[in-house]
Each structure stands twice: as structure tokens, then as C-alpha cells.
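If you're wondering where the values come from, they're calculated on a predicted model, not measured in any experiment. Both counts, for ligands and for their atoms, begin at 1 and track the order of listing.
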Amino acid sequence: MTVTIFVPRDAAALALGADKVAAAIGSEILSRGLDARIVRNGSRGMFWLEPLVEVRTEQGRIAYGPVKPSDVAGLFDDGFLTGGEHPLGLGLTKEIPFLRQQTRLTFARCGVTDPLSLEDYRKYQGLKGLERALTMSAPQIVQAVTDSGLRGRGGAGFPTGIKWKTVAEAPGPQKYIVCNADEGDSGTFADRMIMEGDPFVLIEGMIIAGLATGATKGYIYTRSEYPHAIQTMNAAIEAAREAGILGASVMGSGRVFDMEVRVGAGAYVCGEETSLLNSLEGKRGIVRAKPPLPALKGFLGCPTVVNNVISLASVPIILDRGPEFYRDFGMGRSRGTIPIQIAGNVRRGGLFETAFGLTLGQIVDEIGGGTATGRPVKAVQVGGPLGAYFPRALFDTPFDYEAFASKDGLIGHAGVVVFDDTADMLRQARFAMEFCAIESCGKCTPCRIGSTRGVETADRIAQGIEPEKNKALLADLCATMKFGSLCALGGFTPYPVMSAMTHFPEDFAPTPLVEAAE
Ligand SMILES: Cc1cc2nc3c(=O)[nH]c(=O)nc-3n(C[C@H](O)[C@H](O)[C@H](O)COP(=O)(O)O)c2cc1C
Ligand code: SF4
């Protein structure tokens, strides 16, 4: 019987040499005359083990990693095709603690299937949600998504069902589904992993969104820095069209839905939904004033759903298993699961999908295993470049939208970036202001001017120039940006700045830090 070997083609695995490993395995198969084939799967999201090679055996899939091309001959010598023992052996993949502890709903197939095989997709419950949606009325689909408690995973946590209802009820001959795949937050990669590892689930979610709202056309807006995701999504859309899943009659239902990928150059502000819509229309990526909401006047002035990749990719399982199934995971008003992306200076970086409610300490210390450098954790930035820095004293905060907001933080797209005790928090505060100054679209004064003044003020504190006065000035500037900015880029930059100042005052003490001013 042909043995199946899995070598990921996820960009993170490729960056760590997966193509060379796959080539080395291919040559060994040929030279040894073995009956084996290689499937290029998505990543399981355990980046410290990539390239993670798996072999399908009678006991289940056995994992080896991280594999280098020079390890490959030895793996064959040790009989890895039958799960033989080897120093890189990790045992049954599903028993690896990092995976075993997860609740994989949205990422259930990621790393398991061949991303571009519709046969695999169907074999692992794919299209079940869509099949179910096709038997329901549009308001019933909207109700199911509302009842599931799903909130937008792009950052703002807005209830997805309510957004869909607004679009469904908005008048207009043409409506659109726009998938926000810009993924600009630092330390995040969940959208990319879905697009590369399970693209059909995103297509399925977008079709369901179309059925729910009356939209017949969808766009995935992503950035040029995601070439592998773009390639995989385009190939999956083509395959779905050929199979009659997309097009003039979705799965023979007579309902229309088609979609395409659009690529931006990669600007942080183009992830903001109105800026994204301008970019999608071929205009400069500048933020639009709201109202009107994109749900009423979005792409080309038509009612438009703008949803994050993970929000849309979570919809198929909600329709398949029912809203109660999904809602039963989580805590408070944060229902279902969330793919936490653990990055930065951390021992076990990767994607960990779990029900809301784990504490930050559990995520960083137990799951992430502390810092990669082995030094104490000093701070964790949650929610991307606009997220607050949390000190160890706040590690009992549960991963939940409201719990983070009550501590002046945010979950955002669930990126968790770890810093050890060598981090200089004044420098991080300066960086937040600098980032905002570089990425600002320039439309409103508090953000455009305030961020540059913020950098100058941080520098003066670093140089020991009137530190108390300048700290007060920085706090005042933050208040102006928070309350006076048009969008969350200027409005949330104060979070990393103020949290650094509040939780790490010792780093803002008047010791001259000349480097910070350079
Ligand atoms: C500066 C800025 C950048 C953003 N970047 C992203 C992004 O990369 N991806 C994303 O899904 N949402 C991003 N958002 C949030 C979007 O504006 C919007 O809330 C989201 O796409 C809505 O989808 P959701 O309800 O499914 O989360 C950003 C917002 C701001 C203010
Ligand atoms: S806050 Fe910044 S990015 Fe947002 S609209 Fe104003 S200038 Fe543009």
C-alpha cells in the first residue's frame, strides 16, 4: 500500500526549509524504489517543530520534526515510513501536548488535509455547513450566526450576525462580501494559515455569507506579502468554480455566488475596513468617515459585509453543528473558540485554537513555555501594534473581550507577542508612536501630527529632558489621540504607550538613553 508522507507548504514551514526537505524525501523514495507519495499539507501551527513531517501509519499519523534535509536519509534508515523510532520522532501527532490541548473548530482541517483537494475537504466534513445553509432561508442563516454568539475576529469584536442582518435588510440591487485578509497585526498569522492550509473553508464561509445577505460577489483583500496564500486561494477558487461550488448555480441550487482575490501593496491602515474598501476600488487607502457604515454603503457604494478571514471561516462549522454547539464554548460574551497566535520571544510559538477563557499566564507560561531566551517574561503585547503591554501582574486576565477591555487592553486579532526582561518599555512606547506616524493615512490631525509629536516627546524623556513635564505631555497627547482620532489607528496607539508608562514606570525614569534618540 502506498505510504503517505505529509510535508507542509505553509509559508512558515517553507521559510524553515520545507521545500528542500520535501525534495530530499522525494529523492529517497526514488532511489530506494519505495511505494510512497508526498502530500503538501498546511501547518499544524507548531512553528518550533517546523518543518514537521508526518507519516500515515496504521496507528495514526506519526510526526518527526524539526526535519532538515540532512536528516532525511537517516529517517528512512530508521524506518520512519512505518513510524520507526528516530531522535526527531514526536510520536502520534494528535498526542503532541500543544495540539492535544486545543479545541480545533475553525482549524480542524488545517495541517490534516491536502489544502487543494476537494475530495479531502468533503471527507473531513467540508461543505456540510453550506449544504445546510442551502436548505434555510436567509433570515434563518442570519439568526443561526447571531445565536452562535460569533463576534468579528478582525479586532473590533462586533457581532457578525448583526452585521449580516444590516446588510441583508439594506436596500440595493447589488451587495458584496469582502473578506479582510490584510492581517497587518504584529505576531499574527491565523488568516494566512487558513488561506494556505484550508482555503475551501473560507470560500464556504463567504458563500454562506452571500446566501444570508443576498450578496452575489465576494472579494478577498490581502497583501502582496502573502504570495503563497494568494496562490493557494486562487487555485482553490478555480477548483471550487470547476466543481460548481462557486458560480451561476452554487451546488446546483440556482443561487449565484462568485469571488476573486484582490491584492494590495501592504499598508497597515488598509486593514481598516473603509480604507480597505477605497483600496479595493483602486483609490488611495485613506479612511472614510462613518457614517455611512460599509454595511449600508460599502464597496462601490453598495451594502457590503466586511469580515475577517477567521470570522468567515468559523461560519461553516456553526451552520453544520448548529449555533448551540459553537456557543457552548467560551465565557461571558466571548463565545466559541479563538485561534491565539503566540509569537515574539517565546519557546513554543505557533497557533493555539481554544475556547475563550484561558488566562494570559496559562497562554504564555504553560502553552508558550516562557521565553525562548530563558529569561523572565517582562511584558506581553496582546492585539497587535495597537494593543496594550500587560505585565506579569495582569497574567490572571482571562482571554475574553470584556476582561481585556476592563484592564485597558484589547484582544484584537488574538496576537500575543512576548518580551523578556531586556525589553525597554520606553523604547516600545516610542515605537508605537513611530509606527503610527509611518502608517497614518493622514486624514485627521490627532493621529497625523500627534504621533510625530509623540516620538519627539518620548525622545525627550529618554534624554532626561524635563522628564516629569514630558511624561505629562505624552499622557495628554495620548488622551487627544484617543478621543480625537477618526479611526482606531490613531485612537488606539495610546494603549501601548499608556500601558508601558503605567505598568513599567521604572523604564520612564530620567536615566539618559541616548540610543533611543538616535
Ligand atoms: C488600523 C486598522 C487596521 C486593521 N487591520 C485589520 C486587518 O488586518 N484585518 C482585519 O480583519 N481587520 C482589521 N481591522 C478591523 C477592520 O476595520 C474591521 O473591523 C474588520 O475587518 C471587521 O471584520 P470582523 O467583524 O469580522 O472582525 C483594522 C482596523 C484598524 C483601525
Ligand atoms: S486616525 Fe490616523 S489612520 Fe485613522 S483616519 Fe485619522 S489619520 Fe487616518
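Close contacts between ligand 1 and Glu273 involve ligand atoms 16 (C), 17 (O), 18 (C) [criterion: under 4.0 Å to a heavy atom]. Of all the atoms in ligand 1, the ones that sit under 4.0 Å from a non-hydrogen atom of Leu489 are 1 (C), 31 (C). Every atom of ligand 1 with a heavy atom of Arg153 under 4.0 Å away is listed here by number and element: 26 (O), 27 (O). Residue Val269 has at least one heavy-atom neighbour below 4.0 Å for each of these atoms of ligand 2: 3 (S). Shown in contact with Gly184 at under 4.0 Å from a heavy atom are these atoms of ligand 1, numbered in order with element: 8 (O). In the vicinity of Ser311, heavy-atom distances shorter than 4.0 Å reach the ligand 1 atoms 24 (P), 26 (O). Close approach of ligand 1 to Asp182 is summarised as follows: ligand atoms under 4.0 Å from at least one heavy atom of the residue are 8 (O). Numbered from 1 in the order shown, with element, the atoms of ligand 1 that lie under 4.0 Å from a heavy atom of Asn308 read 10 (C), 11 (O), 23 (O), 24 (P), 26 (O), 27 (O).
From the protein, the heavy atom lying nearest to atom 10 (C) of ligand 1 is Asn180 ND2, 3.0 Å. The shortest contact between atom 27 (O) of ligand 1 and any protein heavy atom is with Gly154 N, 2.7 Å. Glu183 N, 3.1 Å is the protein heavy atom nearest to atom 8 (O) of ligand 1. Nearest protein heavy-atom contact of atom 1 (C) of ligand 1 is Tyr268 CE2, 3.6 Å. Closest to atom 22 (C) of ligand 1, if we only count protein heavy atoms, is Lys163 NZ, 3.4 Å.
Ring centroids of Tyr495 and Tyr389 are separated by 6.0 Å or more, keeping the two rings apart. Taking the six-membered ring wherever Trp is involved, the centroid distance between the rings of Phe390 and Phe395 does not fall below 6.0 Å.
Taking distance alone, with nitrogen or oxygen atoms compared against 3.5 Å, Ala488 stays at or beyond that limit from ligand 1. For ligand 1, none of its N or O atoms has an N or O atom of Asp185 under 3.5 Å away.
Formation of a donor-acceptor pair under 3.5 Å by the Thr457 side chain with backbone atoms of Val455 is not found in this model.
No hydrogens or angles considered: nothing links the side chains of Ser275 and Glu273 as a donor-acceptor pair under 3.5 Å. Side-chain contact of Tyr221 with Ser279: a donor-acceptor pair under 3.5 Å is present, judged by distance alone.
Residue Asp191 is tested with Asn180, Asn308, Thr222 for a side chain to side chain donor-acceptor pair (under 3.5 Å); the sole match is Asn308. Test Arg192, Arg44, His228, Arg40 against Asp10 for side chain to side chain donor-acceptor pair (under 3.5 Å) and you get one pass: Arg192.
Between Arg453 and Glu434 there is no salt bridge, since no side-chain nitrogen of the basic residue lies less than 4.0 Å from a carboxylate oxygen of the acidic one. Ion pairing of Arg241 with Asp258 is present here, as a side-chain N (NZ or NE/NH1/NH2) and a carboxylate O approach within less than 4.0 Å. With respect to the salt-bridge test (charged N to carboxylate O, under 4.0 angstrom), the residues Lys128 and Glu204 do not qualify. Under 4.0 Å is where a charged nitrogen must lie from a carboxylate oxygen, and between Glu260 and Lys217 at least one such pair does.
The number of heavy-atom neighbours closer than 6.0 Å to NZ of Lys443, taken from other residues, nucleotides and ligands shown, is above 12.
Distances from ligand 1 to the non-hydrogen atoms of Glu439 include no value under 4.0 Å.
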Quick one: side chains of residues 149-159, donor-acceptor pairs under 3.5 Å with protein atoms, not counting sequence neighbours, listed by atom name and distance.
| residue | atom | partner | partner atom | Å |
| --- | --- | --- | --- | --- |
| Arg151 | NE | Gly157 | O | 2.8 |
| Arg151 | NH1 | Arg333 | O | 3.0 |
| Arg151 | NH1 | Glu402 | OE1 | 3.2 |
| Arg151 | NH1 | Glu402 | OE2 | 3.4 |
| Arg151 | NH2 | Glu402 | OE2 | 3.2 |
| Arg153 | NH1 | Arg151 | O | 3.0 |
| Arg153 | NH1 | Tyr401 | OH | 3.2 |
| Arg153 | NH2 | Tyr326 | OH | 2.9 |
| Arg153 | NH2 | Arg335 | O | 3.2 |
| Arg153 | NH2 | Thr337 | O | 3.0 |

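Using a 4.0 Å cut-off between heavy atoms, Glu272 contacts ligand 1 through both its backbone and its side chain. Under 4.0 angstrom from ligand 1, there are no non-hydrogen atoms of Phe492.
Screening residues 128-147 for ring pair (Phe, Tyr, Trp, His ring centres under 6.0 Å) gives no qualifying pairs among residues at least two apart or on separate chains. Annotation: ring pair (Phe, Tyr, Trp, His ring centres under 6.0 Å) contacts involving residues 282-317, sequence neighbours excluded, comprise Tyr176-Phe299, Tyr219-Phe299.
Around atom 13 (C) of ligand 1, the closest heavy atom drawn from Cys179, Gly271, Ala267 belongs to Gly271.
Protein nitrogen, oxygen and sulfur atoms, that is N, O or S, within less than 2.8 Å of atom 6 (Fe) of ligand 2 amount to 1.
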